[in-house]
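Right, one structure below, let's go through it.
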2 protein chains.
Amino acid sequence: MELSDRKKKILQFVVDDYIETAVPVSSKSLTEKHLSNISSATVRNELSALEELGYLTQLHTSSGRVPSAEAYKLYVSDLMVKDKLSTKELDYIKKIFLEKADNLEEVIKSTTKIISELTSYPSVGLKSKDSGEKIENIKFFRFKKDQALVIIVTEYRLLKDNYINVPENMTDEQLQDAEKVLSNMFSGKNFEEICNLKPELQDDFMGYKNIFVNVIEALKVYMQANEGDVVMEGEDKILRHPEYADINKIQNFLSVVTSKDKVMNLLTEDGKDIKINVKIGTDGYDEIPEDCSVVTATYTANGNKLGTYGVIGPIRMDYQKVVAVLENVGKVLESILSKR
Amino acid sequence: MELSDRKKKILQFVVDDYIETAVPVSSKSLTEKHLSNISSATVRNELSALEELGYLTQLHTSSGRVPSAEAYKLYVSDLMVKDKLSTKELDYIKKIFLEKADNLEEVIKSTTKIISELTSYPSVGLKSKDSGEKIENIKFFRFKKDQALVIIVTEYRLLKDNYINVPENMTDEQLQDAEKVLSNMFSGKNFEEICNLKPELQDDFMGYKNIFVNVIEALKVYMQANEGDVVMEGEDKILRHPEYADINKIQNFLSVVTSKDKVMNLLTEDGKDIKINVKIGTDGYDEIPEDCSVVTATYTANGNKLGTYGVIGPIRMDYQKVVAVLENVGKVLESILSKR
DNA sequence: GTTAGCACTCAAAGCCTTCAAGTGCTAACT
DNA sequence: AGTTAGCACTTGAAGGCTTTGAGTGCTAAC
């Protein structure tokens, strides 16, 4: 059912005001602030209709109205006026990124930091493991008789966290040879393609099948491992918001947020093409702490998925600000990283 | 001034009880639980003497007594009975470590996790950057014309987070040659010695002085960089303790604990030979959140400093348990890592 | 469809009383 | 001199009471 224009407008004001003040919104305050042309009684009629429709709730009969999760959803998709950042804020974003632009790890940390600073909410970042990028070549560095570090060079980064076992009787020359064979085999393919290579079907291993199997195994472990790639910033900022005046809520929030794999799940985006993704309330998402919303954005540069970033906060979140920050951070981040 | 045996005993009971219950300790409860041979009036006299001496305080005239920071210090150094872990707990420690023993990163995480689980306090871990270990050799991996990854092999680990710039006109053969020259130069020295090498005094650079300078520069940056090596676990566990019923205290605590460089400072041990280090209360340590204590332990294996681990909690901390856990974790950790 | 007016509801704040835990002190006892 | 029974005194915590005011819903008139 479609809402009348006036209902939409009123609902928007209610959400706006509630986000700003955290105080249930009354008919009187609405007429005073935004609707001086109609009376509070009329607004009351509209409010009770909106309550009937499930967009508003009352804590008790004689309190003002509070938006429901439905209302926030409508607000974000339809009602909200898109915010713009101040030039000061934009300059801040650029400044931080330019200082750190040469190190991907630092960029990820900076991103979460900027987002948290500008929004006043805890922020999270997750760098993608598999961004669809193509592998250029692969290198082994044998640091023990039976162990080697695998260095993988891709289109735009260097992976160096995988280790394989090497047969002790294999000579360094043989390992170098294996390096060449595998480099040829992998070059131009992405991770998914490589992990799906069937050893049985290949006959050009030149005797290095065991090394091949070890590398694939290491890669698979690497792809699955979660943790470690989650970065959080400003967890303590959640306490700035009045809904977290209750210890149980803080407890609940922190227990989710300190568990890296739960945070991981929050960030795994549902839609591939959606840039900004808003999850409001707990509906369906087990990992989200009660009464929380999560707004995430996935950034890409040169067609490669860099990672997903976002904020976690109370349902009563400043969506205007958060969306504006995520969009602008994304723009700067992508423009900087595209140049690399 | 030395306390009488009875005063010591009474003080010990007060601290014991207060740690256990978090309720101010009364003369009556002391006689009932521990001192059935003397009357509560006598205990009251002793308590007020102990208060006079600065070991106890009262919240108000008609409340029981609470230990002061001084009392906790005396308790830890003199009064406390050393706790032993149950075999169940010991088995738990061994089990976790044996599962992860092959990966140093995982060992660090496991360590903080075990400590936090067993003590119910947030725990922190910091792996040492410079453990005094000797460098074996050094390797360059050039992944771009003008950039190379520096891999450093030491007695017992692999460092691979440093990058240097390479002159574009340098051939791969020259870089390999530089690798050999520098490996020879560094081999058998520790980080400190290397960083102190004076380029002017060396004449066997064979033309690779620029590479040498870049490597030293990268190493120095690496040694200084903090963050990233701090691991935390169980931040949310602080809320289990009744002193954190107040939002301001939580705020205060979290703001310290979410800042990695503050946590870093907490863990930089003051004495070199002290294994277990107890910092009680805020006295002198700016980084410690108000009314908190920090207990840390530094672990070594084969003479190499592995890192520092510890817990952060309220002053009213279960020091018996914490010290016992840290000692036992240390034993297991060191025995496992010595075998590597 | 809008609005003035009024009765009704309900949480929050302030105030008062009661309650019980605990101390300090004095005087008597060993 | 050290110990102890006894009692007055203090004080926060808890519960109950009233007051206050913000806000609604409904009705009747416009």
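Each chain gets a letter, A, B and so on, in the order its sequence line appears, and its residues count up from 1. Values reported hereafter were calculated over all heavy atoms of this structure, with side chains retained and with hydrogens, waters and symmetry mates removed.
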Find the distance B:Leu47:CG to C:dT23:P and express it as a whole number of Å.
7 Å

Taking only the side-chain nitrogens and oxygens of B:Arg44, find out if one of them lies under 4.0 Å from OP1 or OP2 of D:dC7.
no

Taking atom NZ of B:Lys84 as the centre, does the number of heavy atoms from other residues, nucleotides or ligands within less than 6.0 Å exceed 12?
no

Run the salt-bridge test on A:Glu46 and A:Arg6 with the 4.0 Å N-O cut-off and return the result as yes or no.
yes

Take the protein atom CZ of A:Arg65 and the nucleotide atom C1' of D:dA22, then report the distance between them rounded to whole Å.
14 Å

For the pair A:Tyr72 and A:Tyr319, name the ring-plane relationship: parallel under 30°, tilted 30 to 60°, perpendicular over 60°.
tilted

Distance below 4.0 Å between B:Thr61 side-chain N/O and C:dT23 OP1 or OP2:
no

Nearest-Å distance for atom pair NZ/P, residues B:Lys28 and C:dG24
16 Å

So which nucleotide does D:dA29 pair with, by the Watson-Crick or G-U wobble rule with both distances under 3.5 Å?
C:dT2

The answer to which of B:Ser62 and B:Ala41 contacts DNA chain D further toward the 5' end, by nearest nucleotide, is B:Ala41

Given D:dG25, C:dT3, C:dA11, identify the nucleotide with an atom nearest to the side chain of A:His60.
C:dA11

Atom-pair distance (CG on B:Leu56; P on C:dG22), nearest Å
15 Å

Salt bridge present between A:Lys82 and A:Glu327 (N-O < 4.0 angstrom):
yes

Phosphate contact (C:dG24 OP1 or OP2) by B:Gln58 side-chain N/O below 4.0 Å
yes

Would you mind classifying the nucleic acid contact of A:Leu59 as base, sugar-phosphate or nothing, using non-hydrogen atoms under 4.0 angstrom?
nothing

Taking for A:Ser26 and for A:Asn45 the nucleotide of DNA chain D with the nearest heavy atom, the one nearer the 5' end belongs to A:Ser26

Please determine whether a side-chain nitrogen of the Lys or Arg among B:Glu243 and B:Arg316 lies less than 4.0 Å from a carboxylate oxygen of the Asp or Glu.
yes

Has B:Lys73 got more than 12 heavy atoms of other residues, nucleotides or ligands less than 6.0 Å from its NZ?
yes

Does C:dC15 pair with anything, Watson-Crick or G-U wobble, both distances under 3.5 Å, and if so, with which nucleotide?
D:dG16

Compare side-chain N and O positions of A:Ser63 against OP1 and OP2 of C:dC10 and report whether any pair is under 4.0 Å apart.
no

Between CD of B:Glu51 and P of C:dG24 the distance, given in whole Å, is 7 Å

If you draw a 6.0 Å radius around CG in A:Asn37, do more than 12 non-hydrogen atoms from other residues or ligands fall strictly inside?
yes

Using whole Å, report how far CG of A:Leu30 lies from P of C:dT3.
14 Å

Is the phosphate of D:dT3, meaning OP1 or OP2, less than 4.0 Å from a side-chain N or O of B:Arg6?
yes

Return the set of residues passing side chain to side chain donor-acceptor pair (under 3.5 Å) with B:Glu117 (not counting sequence neighbours), or none when no residue passes.
none

Might you list the N or O atoms of the protein lying below 3.5 Å from N or O atoms in nucleotides 17-19 of chain D, with each pair's distance?
none

Give A:Ser40 one of three labels, base, sugar-phosphate or nothing, depending on what nucleic acid heavy atoms sit under 4.0 Å from its own.
nothing

Distance in angstrom units between A:Asp5 CG and C:dG1 P, rounded:
16 Å

Can you tell me the distance, in whole Å, between the CG atom of A:Leu50 and the C1' atom of D:dG25?
16 Å

